[in-house]
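Below: the structure, in structure tokens.
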Amino acid sequence: MSGANMIWSIVKVGFFIALAAALAFASSYVLQTPGEVRVAFGGREVSFAPLAFVIGIALIFVALWLVFRLAGLLTAFARFLSGDETAFSRYWDRNRERRGFEALTEGLIALSSGEGAVAVAKASKAEQLLAKPELTQLVNAQAAELAGDSGRAAAYYKEMLKNERTKFVGIRGLLKARLAVGDTVTALKLAERAFALKPRHGETLDTLFGLQSQGQDWAGARKTLEAKVRAKALPRDVAVRRDAVLSLADAQTSLDKGENEKARTEVLEANRLVPGFVPAAALAADQYVAAGNKKAAVKVLLKAWAMNPHPELAAAFARVEAGELPSERRVRFGALLKAGSASSEAKLLEAELALTCEDFPAARRAMGDLAEREPNTRSLAIMAAIERGQGGDDKLVRGWLTKAIVASRGNQWVCEACGHAHAAWVPVCESCAAFDALAWKPQPDSIAPDAATAAMLPLIVGEIAGPE
């Protein structure tokens, strides 16, 4: 017996004991009360003992109840004699229906108050009395869920699949049950069935889209996204963004499969939809470079950098001319730095480029007070490299590195739904499976794990040689 059932049983026993005690007390009080009750009517007077009077009143109420019931039965009999063959059945059905709706009402109240055992009992009684399975099956299923009996709930939901009016509710109940136990394969099939029945149902669309994206069914997710747009369940700008994310995800999957032409088409579409979308712009530039169109790659990266300066764009810009000398790269990067000159990312990049050319004064000028305003692993490591390059005292260099060890890692791909940090952008969070939830921002309470990581510069910089 569950804890809820045991508590309910104790409550019922306590109630009956209290009722019996109250009746015994009332009877004792009446028996011990002296005197008599006199009733005068029509010139006659009748005397009753107190107990007899109470019993008489109770009998009168019982008699009145019987009279009303008998009157209803006689009315049904009279209608039957007059040719109404269903009079008796309707009489009994009305009584059953009344008691059934009373039980159903009590069951719904128990559901709302969280009394699982009571809800199950009342719902079962309503099912016996009412010929309305579309009502009683749903209440029974929800009562079973509340009581923790998932098997009983599933059985009722499966019964609801046989009725067109309740099929969608049955599928939805089974879908939630499968999601609760992590059975995403069955849940996906159920979500597809629910979508076929109600293609504009918001919760179903969200669930189906989430399951498709978790399973990397990008084509299916795109169809669901289109359905959400048709149902006006998604703002237009959000829909465009998600379409771009799906295109990029599809491109990454196609690259893994060796389908380079499809990957190129998809990533260029993603970049067209959202030019400032960093992962799409970086991959689109790589595709242009692979196709020998470096001019287009530079155009894509400059546009994206102007909207959203990001180290991944700088790394992609470096890959456009992979074999150039540090001095040549520094000159070529001038166009990129100019496009986002006011950003912290541009200042960091400018300092790193100066370091590759061992132009330490220029690196210091580029940094300004950035290491004090935005201390993180990257900015502090750059300052350590500058101090070392300019022949600074070892204590000063170690001081910057020590700060870098305990400083924030800076911006990372962090899931805004659960806070999990990712090494690289992914369409679906690896921790909570949220779609398009990654943002480039600092992770709360994030610090570098060791000095080696703290001293590491981005890929485009390479190793910094200090003075001999």
Side-chain angles (χ1 to χ4, degrees), residues 111 116 119-120 123 133-134 137-234 238-239 241-243 245-250 252-253 256-257 415-420 422 426-438:
L111 272 176
V120 168
E134 63 273 14
Q137 287 174 351
L138 175 59
V139 177
N140 268 290
Q142 293 180 339
E145 285 180 335
L146 183 60
D149 191 346
S150 57
R152 179 184 172 90
Y156 276 108
Y157 282 129
K158 288 177 181 177
E159 284 295 316
M160 295 172 72
L161 301 180
K162 300 175 183 178
N163 187 330
E164 288 298 323
R165 296 176 64 185
T166 59
K167 180 183 288 187
F168 177 79
V169 178
I171 293 174
R172 186 166 173 265
L174 293 172
L175 170 59
K176 288 186 175 182
R178 292 297 88 200
L179 287 174
V181 298
D183 184 2
T184 56
V185 175
T186 306
L188 177 59
K189 295 177 181 177
L190 289 168
E192 290 170 346
R193 291 179 63 185
F195 172 70
L197 290 173
K198 289 192 175 183
R200 300 177 70 87
H201 189 262
E203 183 184 273
T204 298
L205 288 169
D206 289 339
T207 302
L208 179 58
F209 184 85
L211 290 168
Q212 289 168 331
S213 59
Q214 289 177 45
Q216 298 189 2
D217 179 10
W218 310 123
R222 185 173 282 115
K223 291 179 181 178
T224 305
L225 181 64
E226 292 171 357
K228 287 175 70 70
V229 173
R230 288 195 300 270
K232 297 182 179 180
L234 204 64
V238 177
R241 162 76 185 194
R242 290 190 175 182
D243 195 9
V245 173
L246 289 172
S247 295
L248 177 57
D250 202 358
Q252 291 176 331
T253 302
D256 293 339
K257 294 179 180 179
C415 177
E416 293 190 297
C418 69
H420 179 71
H422 298 69
V426 287
V428 179
C429 176
E430 297 166 353
S431 177
C432 67
F435 179 80
D436 189 27
L438 270 62

| Any idea which heavy atoms bring V120 and A147 closest together, and the distance? | CG2-CB, 3.9 Å

| note | Sorted by chain and residue number, the side-chain hydrogen bond (donor to acceptor under 3.5 Å, both in side chains) partners of K167 (sequence neighbours excluded) come out as E164

| Taking all non-hydrogen atoms of both residues, which atom of G170 and which atom of L161 are closest, and how far apart? | C-CD2, 3.9 Å

| said: Looking at every heavy atom in both A144 and A153, which two are closest together, and how far apart are they? | reply: CB-N, 3.6 Å

| How long is the span from the CG atom in L175 to the CG atom in D183, to the nearest 0.5 Å? | 10.5 Å

| request: Take L234 and L225 through the side chain to side chain contact (heavy atoms under 4.5 Å, CB included) test and state the conclusion after the steps. | output: CA-CA 9 Å; L234 204 64; L225 181 64; 3.4 Å; yes

| said: I need the H420 NE2 to L438 CG distance, nearest 0.5 Å. | reply: 8.5 Å

| Are side-chain heavy atoms of D436 and V428 found at a separation under 4.5 Å? | no

| field | From CD1 (I171) to NZ (K189), nearest 0.5 Å | value | 14.0 Å

| Between L190 and R178, does a side chain to side chain contact (heavy atoms under 4.5 Å, CB included) hold up when you go through it step by step? | CA-CA 9 Å; L190 289 168; R178 292 297 88 200; 3.8 Å; yes

| query | Roughly how far, to the nearest 0.5 Å, is OG1 of T207 from NE2 of H201? | reply | 9.0 Å

| Close side-chain approach of F209 to L246, heavy-atom, < 4.5 Å | yes

| said: Donor-acceptor pair, distance only, cut-off 3.5 Å: does the side chain of H422 make one with the backbone of E430? | reply: yes

| message | Apply side chain to side chain contact (heavy atoms under 4.5 Å, CB included) to residues C429 and C418 and explain how you reach the verdict. | response | CA-CA 9 Å; C429 176; C418 69; 3.6 Å; yes

| message | Minimum heavy-atom separation for A191 and L211, please, with both atom names. | response | CB-CD1, 4.1 Å

| task | Return the minimal non-hydrogen interatomic distance between V229 and A239, and the atom names on each side. | result | CG2-CB, 3.5 Å

| L208 CG to K223 NZ distance, which is reported to the nearest 0.5 Å | 11.5 Å

| message | Using every non-hydrogen atom in the two residues, find where A194 and F168 come nearest and quote the distance to one decimal. | response | O-CE1, 3.6 Å

| message | Any non-hydrogen side-chain atom of P427 less than 4.5 Å from a side-chain atom of Q252? | response | yes

| Contact check, side chains of T224 and Q212, non-hydrogen atoms, under 4.5 Å | yes

| Does the side chain to side chain contact (heavy atoms under 4.5 Å, CB included) test come out yes or no for D206 and K228, once each step is laid out? | CA-CA 8 Å; D206 289 339; K228 287 175 70 70; 2.4 Å; yes

| query | What pairs with T253 under side-chain hydrogen bond (donor to acceptor under 3.5 Å, both in side chains), at least two apart in sequence or on another chain? | reply | W218

| query | Do the charged groups of K176 and E145 touch, with an N to O distance under 4.0 Å? | reply | no

| field | Non-hydrogen side-chain atoms of R222 and S247 separated by less than 4.5 Å | value | yes

